[in-house]
Amino acid sequence: MLSPRADAKLLVIATTTDLSDLVHRIGGDQTVTFAVAKGTQDPHHIEAKPSFMVRFHKADLVVSQGLELEWAWLEGLTKGARNPRILRGTTGFLELGPELNPLEISKGKVSRAEGDVHPNGNPHFHLDPIRMGQAGQILAKRLGELDPEHQDLFDSRANSYKKELEDKTQDWKKRIKKTGIQEIVTHHKTLTYFCNRFEIKCQLQLEPKPGIPPTASHLLEVIAQMKGRQIKLVLIENYFSSDFAEKLKAQVPQAQVKRVPVSVGGESKISNQIDLYEKLVQVFEEASL
Amino acid sequence: MTLFLILFAQASFAQANSITSPNVSANALFLYQHSNLNDKDLSTTRNGVDLREAEIAFYADVDPYTQLKMILALRPQYEVSGGSVEQSFILEPEELYADTRQIPGLTLKLGKFLAAFGKHNELHTHAFPFIDAPLANTYLLGDEGLNDVGFSAAYLIPTNWYNEITLQFLRGEGENTQFNSAKPGDGVGLVHWKNLVDLSDSLTAELGGSYAEGQNSLKGKTTLTGADLTFKYRPVVGGKYHSAIFAGEYLHRQLEQPGHEDEIGYGWNVWGQYQFAERWAAKSRYDHFSASGGHSTNSSALTTGKTNKYAASIVFNATEFSSYQVEYSYSHFPKNSFDESEDKKIYFQANFTIGAHPTHRY
């Protein structure tokens, strides 16, 4: 186990901006954090730049969403960093997804014929405020193992953040319920946890299969379903092209198609996780006016 | 072949248990090509469709200290006998090495591997940006590149940018004729320096330098020198749909031929790639090679003269696991034994990967 450096802060690398915000909330002044994937980037497809390895080389802890979200690039970065403290299986590597009761765990045998599936569950748990509260507590425990002197401080921040998110979730739930929107369409299954938490159906995606760009025939099918099921809101994660939004707007004029941030930093004003949830709730409210 | 089938079957059977089975992946390259040369020279490349190469990779942690990686390559080969051509397949280890994971700042590697000489030499065939390797890599390092058994130490120098120095000692035998000294113990010493800096969140610049030296079969010394420069641009906003690469590499080889003047060969290439849609990219490359001083005492002497090659390519990446590439190339070279000095080639290549998710090299 690492001993804390009295004169230095823990350097924590987060794979996404959502997790770096969580580190900032829980680790506070005792940590310095860096996010690999920016809020405007699709976290499935980040390039393993050697310059990231330099940061990983110095890191005390790597925090990942896991559930194969970072499969294509994280292994290359941790190996290239030549830092034994952050290898998978050590105290310096924390994968949060599996600890948070993942949704959409595949049943039976899976194949890539089903697209870019995540057999161990949907990895986009960061859009559920309740799970992010729980993630804060898990993170606090791990930070405490690396810096026992500040364990109580980390726990206290995590408990307080969890309470804040739970309270706000009650409010967000009421506001979304008030909009009357019960079902939406998304581009990818990024909003699954958000929908699950706020009791919205989001089973229709523009992608015919996970990771496969929309096709004309699938879009026609989605449009038919939208008309049949009276779905009037389409949320497109804003790192996807606006072309699909334009096509839908033309075909289903009564529906509102909005490109939304789905990570901290996804828009310039989204500087933390609460801003992000607030923005998504506001999108629902604006769509119902 | 039997060994491979047993390993593959066991690994596939036991995917659920990562302790008792390694990660396994397989890649297949299918290539259609048509060239004005291939109708005459039947022994190397042939017009028509073929399995270009298949690779099977196994890798896993051995224990807390080391990892083992084995990549087997299956390739066709042709034998011309009278008027007929017979095809057979060879299965050989492309790479097979153990490397360390517990030494801060340092990776030690032991086994057979692609040497860290320049940028292109470390790429496997399915990761080549163009169908063919650059002329200098093919002529100076061999069809399979500089790939040998040896020992490697790669140290990450503690600076604010990526700054890595790699020292390698290779056996100097095998496929690389420039280093195949008959005297046991004559190896190849190699040093590679790699630097990469972020010019912004969207743009990186990479600069590398390489040098290798060893004894050749003519009882002389062979020296290799290389330099590479790569710029990669992928915007933080919209980078899923647009990106660009501009790269160049230079290789030089000086081969002593005792009693004769040295053979000199050098080449350089520059290429660019522009990704113009989520799954589409266009590429173009200019490639030059020049040689002089090759002597008949050397069975693999370079042909004196200059070769220029131009290539243009369109790639469709259906997913991370399959891609399709159409390429046209034109090259002009010193007249060969068939009295030809031009090669016009059209290619179509399909690239498929199954199994464990590959780690993408930057």
Side-chain angles (χ1 to χ4, degrees), chain A residues 35-42 44-58 68 70-90 109 111-113 115-116 118-119 209-214 237-243 265-268, chain B residues 15-16 23 59 61 64-65 67 99-108 154-164 194-199 201-206 232 234-243 277-279 318-322 353-362:
Chain A
V36 178
K38 306 297 178 258
T40 52
Q41 294 178 305
D42 180 350
H44 299 84
H45 301 291
I46 298 299
E47 293 176 309
K49 292 196 285 189
S51 45
F52 291 143
M53 294 174 193
V54 176
R55 293 180 184 271
F56 276 65
H57 178 66
K58 298 170 185 167
E68 297 93 32
E70 305 98 340
W71 223 354
W73 49 274
L74 186 55
E75 186 79 16
L77 290 177
T78 51
K79 188 175 180 192
R82 279 155 272 198
N83 176 358
R85 293 177 302 177
I86 55 156
L87 293 175
R88 192 178 288 272
T90 64
K109 195 175 176 183
S111 151
R112 291 214 178 101
D116 193 8
H118 296 269
K209 291 178 178 177
I212 305 296
E237 303 87 325
N238 68 358
Y239 43 72
F240 291 113
S241 164
S242 59
D243 292 353
E267 278 180 4
S268 56
Chain B
Q15 277 292 305
N23 295 296
Y59 57 97
D61 294 336
Y65 313 108
Q67 291 186 317
D99 60 2
T100 59
R101 58 199 304 273
Q102 285 288 356
I103 308 173
L106 184 67
T107 301
L108 300 177
Y155 180 60
L156 194 59
I157 300 168
T159 52
N160 288 331
W161 73 96
Y162 186 87
N163 184 357
E164 180 191 54
K194 174 176 173 176
N195 294 271
L196 184 138
V197 291
D198 281 338
L199 300 177
D201 281 342
S202 305
L203 179 65
T204 61
E206 179 181 340
K232 288 194 177 182
R234 184 176 291 281
V236 173
V237 178
K240 195 171 174 64
Y241 300 90
H242 300 283
S243 67
E278 183 174 3
R279 300 196 282 182
T319 65
E320 284 179 85
F321 307 98
S322 67
T353 300
I354 56 172
H357 200 296
T359 300
H360 302 298
R361 192 183 180 89
Y362 185 69

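From a predicted model like this one, the values you see are computed outputs, not experimental measurements. The sequence lines fix the lettering, A, B, ..., with proteins before strands; numbering per chain opens at 1.
With a 4.5 angstrom heavy-atom cutoff, Glu164(B) touches chain A only via side-chain atoms. There is no contact between Asn238(A) and chain B, counting heavy-atom distances below 4.5 Å. Looking at Leu156(B), both its backbone and its side chain come within 4.5 Å of chain A, counting heavy atoms on both sides. Contacts between Lys194(B) and chain A at a heavy-atom distance below 4.5 Å involve the side chain alone, from C-beta outward. At a 4.5 Å heavy-atom cutoff, the contact between Phe240(A) and chain B is made by backbone and side-chain atoms alike. Interface residue Asp201(B): backbone and side-chain heavy atoms are both found under 4.5 Å from chain A. Both the backbone and the side chain of Asn160(B) come within contact range of chain A, judged by heavy atoms closer than 4.5 Å. Using a 4.5 Å cut-off between heavy atoms, Thr107(B) touches chain A through backbone and side chain atoms alike.
For the options Leu77(A), Asn83(A), Leu74(A), Leu87(A), heavy-atom pairs under 4.5 Å to chain B are most numerous at Leu87(A). Heavy-atom pairs under 4.5 Å with chain B peak, among His45(A), Glu75(A), Glu68(A), at His45(A). Interface check for chain A: of the options Val197(B), Val236(B), Leu196(B), the most heavy-atom pairs under 4.5 Å are formed by Val236(B). Contact tally against chain B (heavy-atom pairs below 4.5 Å) for Pro50(A), Ala81(A), Gly76(A), Ser51(A): the top residue is Pro50(A).
The shortest heavy-atom contact between Arg82(A) and Ala154(B) is NH1-O, 3.1 Å. Of all the heavy atoms in His57(A) and Pro104(B), the pair that sits closest is CE1-C, 4.4 Å. Minimum heavy-atom separation, Glu278(B) to Pro213(A): OE1-CG, 3.5 Å. Taking all atoms of both residues into account, the shortest heavy-atom contact from Lys58(A) to Thr159(B) is NZ-O, 4.1 Å. Scanning all heavy atoms of the two residues, the minimum distance from Tyr239(A) to Tyr241(B) falls at O-CE1, 3.6 Å.
By the 6.0 Å contact criterion, CZ on Arg55(A) is open, its count of non-hydrogen atoms from other residues, nucleotides or ligands being 12 or less.
At distances below 3.5 Å, not a single donor-acceptor pair connects side-chain atoms of Arg361(B) with backbone N or O atoms of Ala48(A). Side chain of Lys240(B) to main chain of Ser241(A): no donor-acceptor pair is present (N/O by atom type, distance under 3.5 Å, no hydrogens or angles).
Side chains of Asp99(B) and Lys79(A) form a contact here, defined as non-hydrogen atoms less than 4.5 Å apart.
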As a quick check of understanding, evaluate salt bridge (charged side-chain N to carboxylate O under 4.0 Å, His left out) for Asp198(B) and Lys49(A), giving each step before the final call. CA-CA 9 Å; Asp198(B) 281 338; Lys49(A) 292 196 285 189; 3.7 Å; yes
Please lay out, stage by stage, how Thr319(B) and Arg112(A) fare under the test side chain to side chain contact (heavy atoms under 4.5 Å, CB included). CA-CA 10 Å; Thr319(B) 65; Arg112(A) 291 214 178 101; over 6 Å; no
